[in-house]
Peer 1: 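My questions all concern the structure below.
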Amino acid sequence: IADTLLDWSDVSAFLYFGAKIDVGFPFNKHRAEDTGGWVGPMNIVMAQDNSFMLDASGTGTDIADSQAVVDRYISRYVQTPSTEFIQMPKNCTLLREEDFRKIAGDEAVKQTAEAQYDPNSNNDPDEDP
């Protein structure tokens, strides 16, 4: 599934992120950058976590505050036909065009989809393009 193009997903996510810096005297710096709009769709499949075991009563393992976990899912990014059409919004001030594809665009989705299935992947941010 890591290098497969799927024609469906369980969830389509859209991202919008940015940063704002306000520094007063003596620097007097005021700067805001963001994606300029929603980025996506990032397509995700959800798989039931079979390693999660129900207790004898069938209600799940007790956790803090006496709540019971009944079900748990693992999410994975997948590539779909729409992945190649993820574009940088026109008003994006956070990223340059050449960086967008590697950080939030189709190249990022492809690399993430492959790395999440690679048992030897260390997902080290310093190694990320």
Side-chain angles (χ1 to χ4, degrees):
I1 199 165
D3 57 355
T4 303
L5 189 66
L6 300 178
D7 61 355
W8 64 273
S9 66
D10 295 321
V11 177
S12 289
F14 291 82
L15 308 174
Y16 185 98
F17 51 93
K20 183 176 181 181
I21 299 171
D22 283 314
V23 180
F25 181 81
F27 303 106
N28 199 26
K29 300 285 182 185
H30 307 282
R31 186 173 182 169
E33 296 183 357
D34 60 33
T35 55
W38 292 100
V39 176
M42 311 291 185
N43 293 290
I44 301 167
V45 294
M46 307 290 284
Q48 189 171 20
D49 183 0
N50 293 329
S51 66
F52 177 69
M53 302 302 288
L54 296 176
D55 63 17
S57 66
T59 59
T61 304
D62 288 333
I63 58 173
D65 301 326
S66 300
Q67 296 176 349
V69 176
V70 178
D71 214 352
R72 187 164 56 184
Y73 289 84
I74 298 170
S75 62
R76 295 285 187 254
Y77 285 99
V78 293
Q79 297 180 74
T80 63
S82 64
T83 300
E84 68 180 284
F85 298 107
I86 298 173
Q87 297 179 20
M88 184 172 90
K90 293 177 183 173
N91 298 327
C92 182
T93 57
L94 187 63
L95 302 168
R96 297 180 311 216
E97 183 72 39
E98 58 270 15
D99 294 331
F100 177 83
R101 291 186 66 213
K102 296 177 188 174
I103 296 171
D106 60 324
E107 287 181 29
V109 172
K110 182 178 184 201
Q111 180 178 352
T112 301
E114 291 173 358
Q116 64 194 359
Y117 293 103
D118 182 0
N120 298 321
S121 176
N122 61 5
N123 291 323
D124 184 354
D126 294 330
E127 300 292 322
D128 217 2

Peer 1: Side chain to side chain contact (heavy atoms under 4.5 Å, CB included), that's the test. Do Thr93 and Asp34 meet it? Break it down for me.
Peer 2: CA-CA 6 Å; Thr93 57; Asp34 60 33; 4.2 Å; yes
Peer 1: Considering the options Val11, Thr83, Leu15, Val78, which one meets the side chain to side chain contact (heavy atoms under 4.5 Å, CB included) requirement together with Met42?
Peer 2: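 Going through the options one by one, the only one that passes is Leu15.
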Peer 1: Just so I know, are the side chains of Gln79 and Thr4 near enough to count as touching, which here means a heavy-atom distance under 4.5 Å?
Peer 2: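 Side chain of Gln79 against side chain of Thr4, heavy atoms only: no contact under 4.5 Å found.
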Peer 1: Check whether Asn43 reaches the backbone of Thr80 with its side chain - one donor and one acceptor, N or O, closer than 3.5 Å.
Peer 2: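 Not at all, since once roles are kept as given, no pair shorter than 3.5 Å links the two residues.
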Peer 1: State whether Arg101 and Glu107 are salt-bridged, where the test is any N-O pair (Lys NZ or Arg NE/NH1/NH2 against Asp/Glu carboxylate O) under 4.0 Å.
Peer 2: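 Answer for the salt bridge query: yes.
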Peer 1: Return the OG1 to NZ distance between Thr112 and Lys110, rounded to the nearest 0.5 Å.
Peer 2: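 Answer rounded to 0.5 Å: 12.0 Å.
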Peer 1: Say you draw a straight line from NZ of Lys20 to CD of Glu33; how long is it, rounded to the nearest 0.5 Å?
Peer 2: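 So the NZ of Lys20 and the CD of Glu33 are separated by 13.0 Å.
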Peer 1: So do Phe100 and Val39 actually touch side chain to side chain, heavy atoms under 4.5 Å?
Peer 2: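 Val39 reaches Phe100 side chain to side chain.
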Peer 1: Distance check, rounded to the nearest 0.5 Å: Glu114 atom CD versus Gln116 atom CD?
Peer 2: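 Atom-to-atom, Glu114:CD and Gln116:CD are 10.0 Å apart.
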Peer 1: Do Leu95 and Ile103 touch side chain to side chain, with heavy atoms closer than 4.5 Å?
Peer 2: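 Sidechains of Ile103 and Leu95: in contact.
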Peer 1: In this structure, which one of Tyr16, Phe17, Phe14 forms a ring-ring contact (aromatic ring centres under 6.0 Å, His included) with Trp38?
Peer 2: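 The residue from Tyr16, Phe17, Phe14 that satisfies ring-ring contact (aromatic ring centres under 6.0 Å, His included) with Trp38 turns out to be Tyr16.
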Peer 1: Which atoms form the tightest heavy-atom contact between Ala13 and Ile44, and what is the distance?
Peer 2: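 Closest approach of Ala13 to Ile44, heavy atoms only: CB-CD1, 4.0 Å.
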